[in-house]
Structures are given as C-alpha cells and as structure tokens.
Amino acid sequence: MIVIVAVLLVGVALVAYRAGGGEATASIIGKKSLRIGVKSDQPGLGLRMWDGTFTGFDVDVATYVAGRLGVGPDDLSFVGLTSKEREAALDDGTVDIVFATYSITPERKGKVTFGGPYYVAHQDILVRAGDRSIKNVSDLRGKRLCQAAGSNSWRRVTEERKVAATLVAASNYSECVTALKEGRMDAVSTDDLILAGFAAANGSGTTMVKAPFTNEKYGVGLKKGDVEGCQAVNRYLTEMYQNGAAKTLLTEWFGSVDFAVGASVPEFEGCN
Ligand code: GLU
C-alpha cells in the first residue's frame with residue numbers, strides 16, 4: 001500500500017514538473033551564475049593561461065553578454081571544451097552557454113539552439129612557411145590534412161568540396177599545428193581567426209595561404225529549446241555592435257591581422 005502511494009506521488013510530482021515547463025524551461029534567463037564553455041587552446045579566441053584564467057575574443061564576448069544577462073564576472077566560470085565536447089556539454093548541463101568558435105550548421109541546429117552569429121569567420125589554410133604547393137582548397141588533394149575531432153572544417157574540404165585530402169586525426173587545433181610544424185601533416189584548414197592566432201605565435205614557422213572559401217557563422221550555443229535565452233542574447237549582441245563594444249574587442253584581438261575583419265552586426269539566424 002505504502003509503495004503504491006509512493007509511486008502515485010512520484011507520478012503526480014512528475015506530471016506537475018512537466019506541466020510547469022520542467023526541462024523545457026531550462027533557460028539562461030534569471031540564472032545567478034553561468035558556466036561558459038570556451039576553447040582552451042586557441043590564442044586570440046579562447047586560451048587557458050598558466051593561472052587557470054581564460055583569455056580571448058570569445059571569452060570577452062561571453063563576459064559582455066553575461067553581464068547584460070545580469071551575471072557579473074565574479075559569478076562566471078569558464079570551462080575549457082574541445083570541438084567534440086560542445087553539444088554534449090550543453091545537453092548534460094556541464095555548461096550553460098558556449099562561446100567556442102562554434103559554427104552554426106544545419107546538423108548542429110538539430111541539437112543546439114544558437115544565438116547570433118556574433119561574427120562570421122572564413123575558413124582558410126595554414127601551411128609550413130615556405131610551402132608553395134598549396135594555394136587554395138583544391139590543392140589539398142592528396143595532402144595530409146588535419147581532422148580535428150568534432151570540428152566541421154575537414155568536412156568543408158573532403159565532404160562539401162569533395163577534395164580528396166588524406167585526413168590525419170587530432171583532438172584539437174593546437175595539436176594540428178604542432179603536427180604541421182613537425183611535418184606529420186601538410187595543412188591545417190579551419191577558420192581564419194583561429195589560424196591567425198597560431199600563425200602569430202612566436203616562431204610558429206607557419207603561414208596562412210589566404211584563400212578563404214567558406215562563411216563560418218559563430219553562434220552562441222544554448223541548450224536546445226531555450227528560445228527566450230536566445231532572443232535575449234541576440235538583443236545584447238546587437239547592442240554590442242551598436243555601442244562600439246564589438247569594434248573595440250575585434251580591434252583588440254584581431255587589429256593586427258592582414259585580412260578583413262568584419263565590424264558590422266552579422267545577420268542573425270533566428271532562434272528556432
Ligand atoms: N568553426 C568551426 C567549427 O565549429 C571550426 C572551429 C572549431 O571546431 O571550433 O567546427
């Protein structure tokens with residue numbers, strides 16, 4: 001009897017939870033603190049420093065948006081994520097929001113709600129300094145190309161462009177660049193902002209080809225279904241471009257790159 005009552009009570013509680021919105025309302029709105037997923041190995045975008053803090057454009061945009069959501073710097077915690085970890089980290093609640101060079105793609109839209117984009121990057125190619133055999137994406141045919149786990153960049157080459165490169169697996173882009181320098185790969189192809197950060201690193205021995213061939217819309221990853229949170233994020237991103245804060249951050253982080261960095265508000269994708 002007691003067991004039956006207990007089971008009934010649990011059932012009633014569950015129904016009430018669902019009726020009250022339950023999981024569907026898991027939103028960044030109203031949170032007192034935020035866990036933010038960022039990259040930890042990409043200079044200029046998301047980089048973990050020796051003292052455990054994170055720096056970069058993504059970190060600063062995240063801090064701006066969080067501030068406008070009512071969560072100040074003291075209540076933010078940054079969590080380093082690889083490309084492969086982003087969807088699961090949002091889904092299982094390891095993080096509340098992701099700012100991690102995260103391109104909005106049709107496939108990812110099935111799992112994640114995306115605010116933004118807050119920037120549109122372009123995929124390019126990094127080679128060893130002095131290598132003149134790769135001038136554009138079609139030259140990657142037959143070359144050893146880095147395949148960073150969970151990233152979309154290699155798909156742009158071998159699946160979308162059907163360029164038959166030989167994929168060599170790595171777990172992130174810093175590993176790709178190390179392998180390139182050591183001669184274990186011939187090319188690393190991903191977003192220009194990412195490549196510029198690595199190429200600028202002292203003594204990197206690499207150069208960017210500067211033959212951009214895609215649009216990478218950097219989205220703000222939110223738990224699937226958080227439309228309200230997404231709309232708020234889009235309001236604050238618009239404001240960030242209108243009040244000059246975006247320009248300041250873009251200049252701070254990418255002021256010395258030798259390719260065009262867009263400074264106007266990107267066209268939003270919509271929150272559904
Ligand atoms: N923006 C691309 C992507 O989201 C490449 C960089 C990355 O993996 O973070 O797949």
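Just so you know, ligand 1 is whichever comes first in the structure, and atom 1 is the first atom listed for that ligand. Numbering starts at 1 and runs along the sequence shown.
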Of the side chain and backbone of S103, name the one, both, or neither that has a heavy atom under 4.0 Å from an atom of ligand 1.
-> both
T101 neighbourhood, listing ligand 1 atoms whose heavy-atom distance to it stays under 4.0 Å = 1 (N), 2 (C), 3 (C), 4 (O), 6 (C), 7 (C), 9 (O)
Got more than 12 heavy atoms from elsewhere within 6.0 Å of NZ, K143?
-> yes
Under 4.0 Å, heavy atoms only, figure out whether ligand 1 is touched by the backbone of N152, its side chain, both or neither.
-> both
Does atom CD of E267 have more than 12 heavy-atom neighbours from other groups under 6.0 Å away?
-> no
How does Q123 reach ligand 1, if at all, at less than 4.0 Å between non-hydrogen atoms: by side chain, backbone, both, or neither?
-> neither
Report yes or no: does a heavy atom of T105 sit under 4.0 Å from some atom of ligand 1?
-> no
Using the ring-ring contact (aromatic ring centres under 6.0 Å, His included) rule, pick out the option among F54, Y218, Y119, Y118 that qualifies with F99.
-> Y118
Modelled atom types, side-chain donor and acceptor of S153 and Y173, under 3.5 Å | yes
Atom 3 (C) of ligand 1: nearest protein contact (heavy atom, Å) = R108 NH1, 3.5 Å
Any atoms of ligand 1 less than 4.0 Å from a non-hydrogen atom of A100? List them with their elements.
-> 9 (O)
Are more than 12 heavy atoms from other residues, nucleotides or ligands located less than 6.0 Å from atom CZ of R144?
-> yes
Under 4.0 Å from one or more heavy atoms of I194, ligand 1 contributes atoms 6 (C)
Could you tell me whether A121 approaches ligand 1 through its side chain, its backbone, both or neither, with non-hydrogen atoms closer than 4.0 Å?
-> neither
Short question: side chain of D124, backbone of A211 - any donor-acceptor pair under 3.5 Å?
-> yes
Salt bridge flag under 4.0 Å for residues D75 and K31 | no
How about H122 and N215: does a side-chain donor come under 3.5 Å of a side-chain acceptor?
-> yes
Subset of ligand 1 atoms that lie under 4.0 Å from at least one heavy atom of T190 | 5 (C), 6 (C)
Any N or O of Q42 closer than 3.5 Å to N or O of ligand 1 = no
Report yes if Y218 has an N/O atom closer than 3.5 Å to an N/O atom of ligand 1; otherwise report no.
-> no
Say whether S153 and ligand 1 are in contact under the criterion: heavy-atom distance to a ligand atom below 4.0 Å.
-> yes
Under 3.5 Å: N/O of Y173 near N/O of ligand 1 = no
Determine, using ring centers only, whether F57 and F254 are less than 6.0 Å apart.
-> yes
D186 with R128: basic N within carboxylate O range, under 4.0 Å | yes
With atoms numbered from 1 as shown, which atoms in ligand 1 lie under 4.0 angstrom from a non-hydrogen atom of K39?
-> 7 (C), 8 (O), 9 (O)
Would you mind telling me if ligand 1 is within reach of the side chain of R86, the backbone, both or neither, using heavy atoms under 4.0 Å?
-> side chain
Any N/O of S83 closer than 3.5 Å to an N/O of ligand 1?
-> yes
Should we count CD of E239 as having more than 12 external heavy atoms under 6.0 Å?
-> yes
